[in-house]
Amino acid sequence: MNAPLPIPPKQRKPDWIRVKAPTSQGYADTRKLMRELNLATVCEEAACPNIGECWTKKHATVMILGDTCTRACAFCNVKTGMPRAVDAMEPQHTADAAAALGLTHIVVTSVDRDDLPDGGASQFVKVIEALRRTTPSTTIEILTPDFRNKHEAAVEAIVAARPDVYNHNLETVPRLYPTIRPGARYYASLRLLEQVKKLDPSIFTKSGVMVGLGEQRLEVHQVMDDMRSAGIDFLTMGQYLQPTPRHAKIEEFVTPQAFNAYASIARAKGFLLVAASPLTRSSYHAGDDFEKMRAARAKQLARAG
């Protein structure tokens with residue numbers, strides 16, 4: 001049941017990983033709004049396979065701090081280079097987009113900005129503040145970079161702004177970091193998430209991993225244990241898909257049955273919520289999942305008396 005499918009040369013994607021090209025009016029309307037507000041989205045920049053489904057429902061994940069990243073991770077389709085100056089109107093434009101789309105839950109992520117003294121943390125704070133002013137009933141989920149060598153002050157500032165969910169993805173197992181995520185450090189990312197919980201235990205923490213990069217099953221189990229040691233509430237797991245021939249190759253297509261097995265193990269390890277499937281991504285069904293996670297915490301607290 002847990003066996004992955006090895007990938008012969010030029011093999012087509014299995015049926016469970018294929019999606020239709022987006023053609024709906026809702027998709028077109030969402031795209032038009034993002035362009036009018038001069039906002040980048042991770043949905044487009046990272047070539048997310050779920051963009052058609054999400055944008056049809058008018059669910060878009062805003063990517064702040066521009067569309068150019070200072071890192072060059074082997075799995076990511078976001079362009080690398082010297083970013084432009086930070087857009088002072090971006091926080092309000094993000095809030096305006098949330099209002100126009102009628103979002104009850106918004107996910108905001110960013111590129112890595114190693115060129116900025118605070119890594120871009122102050123822009124996250126400004127976005128949270130703009131959302132609270134403009135759409136106060138919208139719950140806020142942020143997906144931040146690791147703020148390399150400056151994460152303590154960055155996390156303190158963002159936690160003080162009180163997002164509802166703080167997400168930072170570990171992405172893969174420690175052994176693969178030198179080739180897949182060379183600009184980051186596995187244990188630094190874990191410490192970042194642990195710091196969030198220490199500063200404000202009421203904020204939900206979330207992290208995700210990709211599979212299909214050559215990781216071993218027991219390595220994934222160890223990542224789950226590390227996450228639980230850091231107090232992470234929500235685990236997401238999805239299939240890695242190679243954006244272009246220049247990026248890391250897919251070593252295997254992990255079957256839906258194997259994802260179900262991973263999810264069962266993760267739940268047994270104590271996560272409040274687990275989302276694991278070939279097409280799962282960090283912000284996929286994030287609003288529905290937030291409500292499930294909030295309900296799971298309430299149930300947990302009620303059991304504890």
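Everything quoted here is computed from the prediction, not taken from an experiment.
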Is [X] linked to [Y] within one hydrophobic cluster, defined over Ile, Leu, Val, Met, Phe, Trp and Tyr using a side-chain heavy-atom separation of less than 4.5 Å?
X    : Y    : result
F234 : L170 : no
I128 : L39  : yes
I142 : F204 : no
L193 : V274 : yes
I180 : V209 : yes

Considering the options K206, K269, K197, which one meets the salt bridge (charged side-chain N to carboxylate O under 4.0 Å, His left out) requirement together with D233? K197

Strictly distance-based, threshold 3.5 Å: is any side-chain N or O of [X] a donor or acceptor partner for the main-chain N or O of [Y]?
X    : Y    : answer
R181 : E171 : no
T41  : A60  : no
R148 : G183 : yes
T205 : G231 : yes
Q123 : S110 : no

Show your working on side chain to side chain donor-acceptor pair (under 3.5 Å) between Q92 and T134 and close with a plain yes or no. CA-CA 8 Å; Q92 189 57 50; T134 307; 3.1 Å; yes

How long is the span from the CG atom in D164 to the OG atom in S202, to the nearest 0.5 Å?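 Reported value, rounded in 0.5 Å steps: 9.0 Å.
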
Give a yes or no on whether a salt bridge exists between R71 and D146, defined as a side-chain N under 4.0 angstrom from a carboxylate O.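 Yes, this pair counts.
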
Charged N to carboxylate O below 4.0 Å: is that the case for K126 and D118? no

Step-by-step salt bridge (charged side-chain N to carboxylate O under 4.0 Å, His left out) determination, R132 to E129: CA-CA 5 Å; R132 297 294 188 212; E129 291 172 346; over 6 Å; no

Above 12 or not: heavy atoms from other molecules or residues under 6.0 Å from CZ of R297?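 Atom CZ in R297 is packed in, count exceeds 12.
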
Using the rule given for side chain to side chain contact (heavy atoms under 4.5 Å, CB included), can you reason through N77 versus H247, listing the C-alpha separation, both sets of side-chain angles and the distance that settles it, and then say yes or no? CA-CA 8 Å; N77 197 48; H247 289 83; 3.8 Å; yes

State, to 0.1 Å, how close F259 and G238 come at their nearest heavy-atom pair, and which atoms those are.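 Closest heavy-atom pair between F259 and G238: CZ-C, 3.7 Å.
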
